[in-house]
Amino acid sequence: MAFPHRPDAPELPDFSMLKRLARDQLIYLLEQLPGKKDLFIEPDLMSPLDRIASVSILKQHEVDKLYKVENKPVLSTNEQLCFLVRPRIKNMRYIANLVNADKSAGRTRKYKVIFSPQKFYACEMVLEEEGIYGDVSCDEWAFSLLPLDVDLLSMELPEFFRDYFLEGDQRWINTVAQALHLLSTLYGPFPNSYGIGRCAKMSYELWRTLEEEEESETKSRRPEIGHIFLLDRGKKRLRELPNRPPSALQGSVDFGPEVTSSEKSLKVLLNADDKVFSEIRNEHFSNVFGFLSQKARNLQAQYDRRRGMDIKQMKNFVSQELKGLKQEHRLLSLHIGACESIMKKKTKQDFQELIKTEHALLEGFNIRESTSYIEEHIDRQVSPIESLRLMCLLSITENGLIPKDYRSLKTQYLQSYGPEHLLTFSNLRGAGLLTEQAPGDTLTAVESKVSKLVTDKAAGKITDAFSSLAKRSNFRAISKKLNLIPRVDGEYDLKVPRDMAYVFSGAYVPLSCRIIEQVLERRSWQGLEEVVRLLNCSECAFTDTTKEDRASSESLRLILVVFLGGCTFSEISALRFLGREKGYRFIFLTTAVTNSARLMEAMSEVKT
Amino acid sequence: MDCYTANWNPLGDSAFYRKYELYSMDWDLKEELRECLVAAAPYGGPIALLRNPWRKEKAASVRPVLEIYSASGVPLASLLWKSGPVMSMGWSAEEELLCVQEDGAVLVYGLHGDFRRHFSMGNEVLQNRVLDARIFHTELGSGVAILTGAYRFTLSANVGDLKLRRMPEVPGLQSAPSCWTTLFQERVAHILLAVGPDLYLLDHATCSAVTPPGLPSGVTSFLQMAVSFTYRHLALFTDTGYIWMGTASLTEKLCEFNCNIRAPPKQMVWCSRPRSKERAVVVAWERRLMVVGNAPESIQFVLDEDSYLVPELDGVRIFSRSSHEFLHEVPVASEEIFKIASMAPGALLLEAQKEYEKESQKADEYLREIQELGQLTQAVQQCIEAAGHEHGPDMQKSLLRAASFGKCFLDRFPPDSFVRMCQDLRVLNAVRDYHIGIPLTYSQYKQLTIQVLLDRLVLRRLYPLAIQICEYLRLPEVQGVSRILAHWACYKVQQKDVSDEDVARAINQKLGDTPGVSYSDIAARAYGCGRTELAIKLLEYEPRSGEQVPLLLKMKRSKLALNKAIESGDTDLVFTVLLHLKNELNRGDFFMTLRNQPMALSLYRQFCKHQELETLKDLYNQDDNHQELGSFHLRASYAAEERIEGRVAALQTAADAFYKAKNEFAAKATEDQMRLLRLQRRLEDELGGQFLDLSLHDTVTTLIVGGHNKRAEQLARDFRIPDKRLWWLKLTALADLEDWEELEKFSKTKKSPIGYLPFVEICMKQHNKYEAKKYASRVGPEQKVKALLLVGDVAQAADVAIEHRNEAELSLVLSHCTGASDGATADKIQRARAQAQKK
């Protein structure tokens, strides 16, 4: 099942090399501190570390006990302590407190701090200010690319989004450039580059300088990946706010008790190695159930083969097949459990209403009704994050809220969830996610520009068309221009998806995916000037193509898509679909895999 | 051929020694060499002369002159010696002149007489004065050994990494040793000294007496000793005129010779070629030069003038007032070819080629002869090799021509040895030129390597030649041309008479974007010369911002550095500059600088948020950023402050700031929060329980749940909670309490602004069908079907749907017809549908 790739689809490069590199480097760093040591790990790094090096590998390199970096008293009695942390100031304070406590207790130990993916000067500064710079040794673990799947690399930097787009902090850009540099040294140069957004442009330029500085031999290498596409989640850029009718699960999922039908909650790693999962991953949810039951029947049939076997066959069966079958059986029951739990959520009345409202917002009708739905949503304290998301969706699709709604919704929200969210709103405004329509500014800049240009009466019709479009906000203009909301006659058959909109039940094509599709078709931004202007990135869209004869036609169909600020699984699924249709393979590099809820969480102020 | 071997002198049966002129010297020496301290560097290096040394009792008022010449006698530097008396001079491996003063201070000068640095050989030396000193070269670098007035030795094996070692005392030593030298064995330097008839070896800790094997009796004193270039061999000259030659470890005697001259020789040096079996020593007296080896006879030369010997890897250089000569053992290949009546293949090939040029058929005969013996390959190789050892370009050419001629008759002779030799000779001839004056032999050149040779050319400021050589040999740019250009630029910035503009332009014109050139290094050099403006100009050409910034900071151009750091996009770099600026500027200026740099500002803010909250506030204040200031205090109201008064005060400040920011909404919201906070406090005092930090909604809910309905309503009025919210809130709270009675009362207070469907829903959620049904009847017509379905009354739902004639509602009901009892209802709907369609 699933949709098989076209037979001519290019092979993906082998990214397991990245894991090996990271592991070897970590081992080297651990060996730098010979002897028994306790390892303190930042919670954020735990699951990436898990994919790189198992506990037994750590133990082999004389790691004694593992601790989480958290605000708890440290019980370690080891003489050597090693910290594996992100370069954050709060971690430095944690370490400083620990070291200073040891000092006042008259205790001397060896401390080593390993920063991942890189060390920041600010961190060293803090160590110095706390007076322990001389007591600790610092190292860098340049582990910036974690292969989550055969075609998905994550930098596991969820703070990228908030740091850059909210705080204007550019320090991670260097990390991105380094990661790109690593990829190009391992897999050859990228002959064609495209990008959009200020952050994308900066990353790209920094990376180019890195390449130039290191007169590496990559230049002579045959490129393995033909295109690179950088996108950022900048201001005014539409985010993937619509809720995703859960099409399938992805990544690492915590299965709670309701799924495993046991008391223990279980953590499962999901990627292409999981046989069942690899087949259902990109399906729309409505298909998954049918597929799973088919699978269960097959499995049963295989079990049933036991009957009527003679002893020898039986022995064979037990020794060879049974284990695999059992494994598959276990996985299958897990997935079915997960489906049931999602199904339950999905069919709930509320959820249906929510989806209805979202679709209405996207298509731009019944705005009043949607607004009151949102208000009710807030009043009932359904979910702080969901409410925020709906408000933002409304703001983006309508080009800002009308002042009355803006105030009343905010008041309602504050009444429901507390005054600290004033800060949340100020964050959202700063990021351009939730804004107020300026009074009288119904005409967008584009429209007024166009009407200035087109004075001719003959062109009056165009102007009319434009102004009606412009009145209905940027988003409308873009979605019309790029056909983001496909008009479908009749029921959208989710079993046989026709376009990328299938990830949102046929309602919406993710903007980023559509842009990628269009640019790849044209091999440049030419003809998309209008869109670029609407996105407010006229200066930040770039193309850089080299006439490269060495690039094989195979490599030209491999495309690396870099999402700065995170990407969602909907986008990934949509692009995978596009790839299958056009015979491309996409490779995804993202600062973190995210979704709309996580995005909102990043923007929220929380009391601590 | 006789004429060519005329200067060949046989020593014994197997070896020839030849002496040829390198240069005729026209250095304008005012005094005899013997009047001077002389130091000549190996590998064709420069010669330093210090005239008027102090050993002669001359008028102290005359300052001596230190002169430095190239090996061809071209003056490189001349300076008046202003420091103390010099006991000894020598060249280091980096061609720096080390002058050992009487007080143990060692002054280091460059090739052009520029003072570099100085170091001391220790207190002991200072106290006892220097009696004698030697500069020696080992694989560790250049060393200095000193004999002090107390007859003790102090040495340092590497002046680059100065570690002084004081050697142990020689027991009973009352006078200066008659001669001494440094040895180098197993990577450790030793001292061998002779006192009367005894030899002592000093190492780290011990002093041991040694006896060379096979030394005849009757020796009462050693007058001279010499160790070979490679520290393998040692020669001793005794007062009986006997010369002992053996290994430096004093374990084996190689040969001996008795010259019957009892006068102490002026100099004695080894003259041997690497990988040759022949051992020979050159001994020089005032007017006589003698080459002695493993042969009964010696070779004698007459010296017309004062001469000085410089030991080399493969021979001895001899220079005097008028000439500079090279004495060495004739290499095997040359000997084979040029020896009289030689029938070696190389010799025949050379002959054949000559005949060929004369267009004589003899050429063919010779060639045939070689080919018959199958020795043509060997012949070509011999010619190539011999060409390398020839000094004159003419002879080099004819040998190479012969090799090339021979090559024509060979299939598959690998051409690289021939090509490489041609290139090497071209380079060698170029540097041997009189103007350059580096008389390297082929073996020395190979030992020295091309990289070192280039360094030496750079040291002599012969940049164009060095670049030409690089280009000729096609060396990679990074090691070759760009390295030399960078050196040139570093030299260029020291030219004080040229304007900054011109220097910068000249450098950029030459260097361009040559890979491997670091403009920041050059700029650092310019800054080192005190030319800050030039350094800044040069830094403009540096493509890597990371390299520009540290130097700019060092030059106190912090603001420029900040711009560069921001351009680079490297936040660490920006941060470095920021902290630098913070210490350098006063707070106001610092903030002003930040204000113009949004990127730096946000970076600094991030830092302050975690580390210096007060600074953050100041920053906002400075910018009159009231919005952020309000947010700051708002955050403080729940994060930093504990007491309720403090929190209210923080909120008040926040509200004021919001007003200033013209953000009335936020200001009002903040004021509301102040009221709420005070109220919550009062509620806690009066009613007990937890109210602080609840949202308004939650506060009201808590009040209702606690049964304080009056208070709840008061609060709702005070804070103008909209009706809809209040209804939702009450509904949820009462249902949670399962206070059905109160709920019913509430529902009847007035018409519900949220309709009655939520009542049905919430009752069903609590599984109270009975209560739910009560409200289902009150639900408005549009939602009636839904409500009826919720309470499970399918039949009635069907009736209503049919009444409404609503297709969607009908299907909804139909989908709920699952139970056995619903069969009738389903039929009814189907019928109604059919009817509707008919119409």
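The figures that follow rest on heavy atoms only: side chains count, while hydrogens, waters and symmetry mates do not. In what follows, chains are A, B, ... by sequence order, proteins preceding strands, each numbered from 1.
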Q: Considering all heavy atoms of both residues, which atom of A/Thr411 and which atom of B/Phe665 are nearest to each other, and what is their separation?
A: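 Looking at all heavy atoms of both residues, the shortest contact is OG1-CE1, 3.3 Å.
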Q: At a 4.5 Å cut-off on heavy atoms, which part of A/Glu205 comes close to chain B: side chain, backbone, both, or neither?
A: neither
Q: Does any backbone or side-chain atom of A/Ser408 lie under 4.5 Å from a heavy atom of chain B? Answer side chain, backbone, both or neither.
A: neither
Q: Would A/Glu420 and B/Ser637 satisfy side-chain contact (heavy atoms from CB on, under 4.5 Å), going step by step from the backbone distance to the final call?
A: CA-CA 9 Å; A/Glu420 64 272 19; B/Ser637 80; over 6 Å; no
Q: Relative to chain B, which segment of A/Phe120 carries a heavy atom at a distance below 4.5 Å: side chain, backbone, both, or neither?
A: both
Q: Is it the side chain or the backbone of A/Lys119 that comes within 4.5 Å of chain B heavy atoms, both, or neither?
A: backbone
Q: Do A/Ser426 and B/Ser631 have side-chain heavy atoms sitting under 4.5 Å apart?
A: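 Counting from C-beta outward, A/Ser426 and B/Ser631 do come under 4.5 Å.
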Q: Let me know if A/Gln178 has heavy atoms under 4.5 Å from chain B in its side chain, its backbone, both or neither.
A: neither
Q: Looking at A/Tyr417 and B/Ser695, what are the two nearest heavy atoms and their distance?
A: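 Minimum heavy-atom contact is C-CB, 3.7 Å.
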Q: Do you know which of B/Leu579, B/Leu603, B/Asp672, B/Thr701 has the most heavy-atom pairs under 4.5 Å to chain A?
A: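 Heavy-atom pairs under 4.5 Å are most numerous for B/Leu579.
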Q: Looking at B/Leu726, B/Thr732, B/Leu729, B/Ile721, which one has more heavy-atom pairs under 4.5 Å with chain A than the rest?
A: B/Ile721
Q: Heavy-atom count around A/Glu369 CD within 6.0 Å, excluding the residue itself: above 12?
A: no
Q: Take atom CZ in A/Arg162; do more than 12 heavy atoms of anything else shown fall under 6.0 Å from it?
A: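 Yes - once you tally the heavy atoms of other residues, nucleotides and ligands closer than 6.0 Å, there are more than 12.
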Q: Between chain A and each of B/Ser602, B/Pro758, B/Gly630, B/Ala666, count heavy-atom pairs under 4.5 Å; write down the option with the most.
A: B/Ser602
Q: Roughly how far apart are B/Arg725 CZ and A/Gln412 CD, rounded to 0.5 Å?
A: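 If we round to the nearest 0.5 Å, B/Arg725:CZ and A/Gln412:CD are 4.5 Å apart.
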Q: Taking all non-hydrogen atoms of both residues, which atom of A/Ser416 and which atom of B/Asp698 are closest, and how far apart?
A: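 So the minimum-distance heavy-atom pair works out to O-OD2, 4.3 Å.
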Q: Is any side-chain heavy atom of A/Val126 closer than 4.5 Å to a side-chain heavy atom of B/Phe607?
A: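 Side-chain contact under 4.5 Å: yes.
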Q: Against chain B, label A/Gln381 side chain, backbone, both or neither, depending on which of its atoms sit under 4.5 Å from a heavy atom there.
A: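 Only the side chain of A/Gln381 comes within 4.5 Å of chain B.
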Q: Between atom CG of A/Leu422 and atom CD of B/Gln673, what is the distance when rounded to the nearest 0.5 Å?
A: 9.0 Å
Q: Would A/Leu423 and B/Phe632 count as a side-chain contact (heavy atoms from CB on, under 4.5 Å) here? Give the steps.
A: CA-CA 9 Å; A/Leu423 300 177; B/Phe632 175 82; over 6 Å; no
Q: Counting only heavy atoms closer than 4.5 Å, note whether B/Arg635 contacts chain A via side chain, backbone, both or neither.
A: both
Q: Measure distances from A/Met125 to the heavy atoms of chain B and classify the residue's part below 4.5 Å as side chain, backbone, both or neither.
A: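 Contact with chain B: side chain only.
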Q: Heavy-atom cut-off 4.5 Å, strictly under: side chain, backbone, both or neither for A/Arg88 against chain B?
A: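 It is neither, since no heavy atom gets under 4.5 Å.
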Q: Can you tell me which of A/Lys90, A/Glu375, A/Arg93 forms the most heavy-atom pairs within a distance under 4.5 Å of chain B?
A: A/Arg93
Q: Measure A/Leu206 against the heavy atoms of chain B and call it side chain, backbone, both or neither at under 4.5 Å.
A: side chain
Q: Determine whether a donor-acceptor pair (N or O, by modelled atom type, separation under 3.5 Å) exists between the side chain of A/Arg380 and the backbone of B/Trp728.
A: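 Not a single qualifying donor-acceptor pair exists.
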